[in-house]
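One structure is given here, and the rest of the page talks about it.
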Amino acid sequence: MTVRPRWRKSSYSEGGDGNTCVEIADLHTRVAIRDSKAPSQGTLTVPIGSFDALIYSLKRTTV
């Protein structure tokens, strides 16, 4: 049986001009990332540790 990912939109996607729409899905050992305005255009999947490091780095540089 194939389980469909449960996508959720970034909390930052609603602000500004609306052009920064990102969705993520927890795949247990990986995180899937896609553009919510064009979900059929492709998905990037990364290990959870790499995703955590990316988010940590982004938070540090945007303060």
Side-chain angles (χ1 to χ4, degrees):
M1 175 182 0
T2 303
V3 178
R4 298 178 97 158
R6 297 182 77 184
W7 292 97
R8 60 187 173 101
K9 189 180 281 191
S10 166
S11 60
Y12 291 96
S13 294
E14 301 302 325
D17 57 10
N19 289 329
T20 56
C21 301
V22 174
E23 292 179 319
I24 63 170
D26 179 4
L27 304 177
H28 300 291
T29 60
R30 301 180 73 78
V31 175
I33 307 162
R34 71 180 183 183
D35 182 344
S36 64
K37 295 179 312 240
S40 64
Q41 295 297 314
T43 301
L44 172 68
T45 58
V46 295
I48 288 176
S50 297
F51 182 77
D52 288 343
L54 170 66
I55 297 303
Y56 176 77
S57 177
L58 291 171
K59 285 180 177 182
R60 283 190 26 193
T61 60
T62 58
V63 179

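We're numbering straight along the sequence, starting at 1. Side-chain atoms are counted along with the backbone in the values below, which use heavy atoms only and exclude waters and symmetry mates.
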Residue that, paired with E23, satisfies side-chain hydrogen bond (donor to acceptor under 3.5 Å, both in side chains) out of K9, K37, R34: R34

Enumerate, atom names and distances included, each donor-acceptor pair closer than 3.5 Å involving a side-chain atom of residues 39-53, sequence neighbours excluded.
none

Shortest non-hydrogen contact between C21 and D35, atoms and distance: O-OD1, 3.4 Å

Atom pair NZ (K59) and CG (L54), whose distance is rounded to the nearest 0.5 Å: 11.0 Å

Between CH2 on residue W7 and CD1 on residue I33, distance to nearest 0.5 Å: 8.5 Å

